[in-house]
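Single-structure report; data block below.
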Amino acid sequence: MPAARESLLDAAFAALERRPWPRVKMSEVAAAAGVSRQTLYNEFGSKEGLARALVRREADAYLCGVERALSGVSGAAAPRERLAAAAVWTVRSATENPLVRAVLTGCWNERLPTSVRAAPPGAPGPLPAPGPLPAPGELLGQARDRAVRLLEGDWPPGAVELPVACEAVARLALSYVVAPAPAADVARMVRTVLA
């Protein structure tokens with residue numbers, strides 16, 4: 001039932017844009033997706049299961065966007081231009097999507113499904129199913145690892161180590177998420193730092 005699942009996640013995201021998550025009703029999500037409430041519960045188990053799946057989808061979409069930014073710039077583009085594009089994507093994605101911002105920063109507010117946030121490292125007790133969401137450092141690490149994988153064949157010899165450069169750019173982009181500035185500014189900063 002992949003189509004119903006995506007429709008339900010789309011409906012949940014649209015509902016979250018209109019009202020805080022605690023006021024989102026499962027019946028309204030099901031109706032907006034054109035399925036029964038029972039189908040919704042069969043797919044996600046509970047409102048928390050729906051929230052976890054929604055947050056996971058948005059985090060995965062963010063990471064796919066990082067890959068597109070690193071690959072989508074002209075193949076002949078210098079690696080620093082591709083890293084700049086990934087940094088701009090990070091800032092824009094977090095600016096436009098409150099769930100991406102929350103997962104990247106660890107800053108959840110009452111409008112968002114706070115019961116699904118990642119537990120801090122070493123926190124006692126199990127996380128609710130279906131598995132933990134990435135903590136901010138883990139998501140940033142996944143973005144860095146994708147950048148390293150996509151740039152390793154093009155990285156200039158003698159430059160700063162690729163993993164260090166990718167980590168620095170990811171953290172620089174995150175600083176622009178936490179202390180907002182125009183997305184274009186982060187590209188200029190990446191180019192300057194990696195020059």
Side-chain angles (χ1 to χ4, degrees), residues 6 9-10 13 51-109 112-113 116-123 127 130-195:
E6 281 306 307
L9 292 171
D10 290 343
F13 190 81
R52 292 183 74 71
L54 179 60
V55 172
R56 168 55 61 195
R57 180 183 79 165
E58 298 306 309
D60 289 345
Y62 160 72
L63 290 170
C64 288
V66 167
E67 286 191 11
R68 277 192 311 276
L70 290 163
S71 305
V73 178
S74 167
R80 74 180 185 155
E81 291 301 319
R82 294 161 61 192
L83 280 170
V88 168
W89 163 255
T90 296
V91 173
R92 285 194 178 135
S93 182
T95 300
E96 295 169 2
N97 188 325
L99 293 174
V100 170
R101 181 180 176 84
V103 174
L104 278 171
T105 64
C107 297
W108 295 80
N109 64 44
L112 301 176
V116 302
R117 61 184 168 211
L127 289 171
L133 295 168
E138 293 168 330
L139 189 62
L140 205 62
Q142 290 174 21
R144 176 206 58 228
D145 294 346
R146 289 173 188 220
V148 169
R149 180 175 46 80
L150 290 167
L151 297 174
E152 63 190 347
D154 299 327
W155 198 247
V160 65
E161 290 180 37
L162 178 59
V164 172
C166 293
E167 176 88 16
V169 168
R171 291 186 177 279
L172 179 65
L174 186 57
S175 75
Y176 277 75
V177 170
V178 173
D185 287 358
V186 73
R188 181 182 48 77
M189 186 64 73
V190 168
R191 288 182 194 107
T192 301
V193 169
L194 294 179

Contacts of [X] that satisfy side-chain contact (heavy atoms from CB on, under 4.5 Å) - sequence neighbours left out:
X	result
Pro79	Leu151, Asp154, Trp155, Pro156
Pro180	none
Gln142	Leu63, Pro134, Leu139

Pair Leu99-Tyr62, side-chain contact (heavy atoms from CB on, under 4.5 Å): steps then yes or no: CA-CA 10 Å; Leu99 293 174; Tyr62 160 72; over 6 Å; no

Which residues share a side chain to side chain donor-acceptor pair (under 3.5 Å) with Tyr176, sequence neighbours left out: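 Counting only residues at least two positions away or on another chain, Tyr176 forms no side chain to side chain donor-acceptor pair (under 3.5 Å).
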
Worked check of side-chain contact (heavy atoms from CB on, under 4.5 Å) between Arg52 and Val55: CA-CA 5 Å; Arg52 292 183 74 71; Val55 172; 6.0 Å; no

Residue pair [X] / [Y]: nearest heavy atoms and the distance that separates them:
X	Y	answer
Val103	Ala59	CG1-CB, 4.4 Å
Ala51	Pro113	CB-CB, 3.5 Å
Ala187	Val88	CB-CG2, 3.6 Å
Trp89	Ala61	CZ2-O, 4.1 Å
Pro136	Gly106	CG-N, 3.4 Å
Glu58	Val100	O-CG2, 3.7 Å

N-O pairing of Asp145 and Arg149 below 4.0 Å: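 Salt bridge flag = no for Arg149 with Asp145.
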
Check: Ala94 main-chain N/O paired with Arg101 side-chain donor or acceptor under 3.5 Å: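 Here the side-chain-to-backbone pair does not exist.
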
Check: Leu150 main-chain N/O paired with Arg82 side-chain donor or acceptor under 3.5 Å: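 Yes.
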
Name every donor-acceptor pair, under 3.5 Å, that has one atom in a side chain of residues 164-174 and the other anywhere in the protein, sequence neighbours excluded.
from: Glu167; atom 1: OE1; to: Arg144; atom 2: NH1; distance (Å): 2.5
from: Glu167; atom 1: OE2; to: Arg171; atom 2: NE; distance (Å): 2.6
from: Glu167; atom 1: OE2; to: Arg171; atom 2: NH2; distance (Å): 3.1

Of all pairs that satisfy salt bridge (charged side-chain N to carboxylate O under 4.0 Å, His left out), the ones with a partner from residues 180-195, not counting sequence neighbours: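 Applying salt bridge (charged side-chain N to carboxylate O under 4.0 Å, His left out) to every pair that reaches into residues 180-195, excluding sequence neighbours, yields Glu81-Arg191.
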
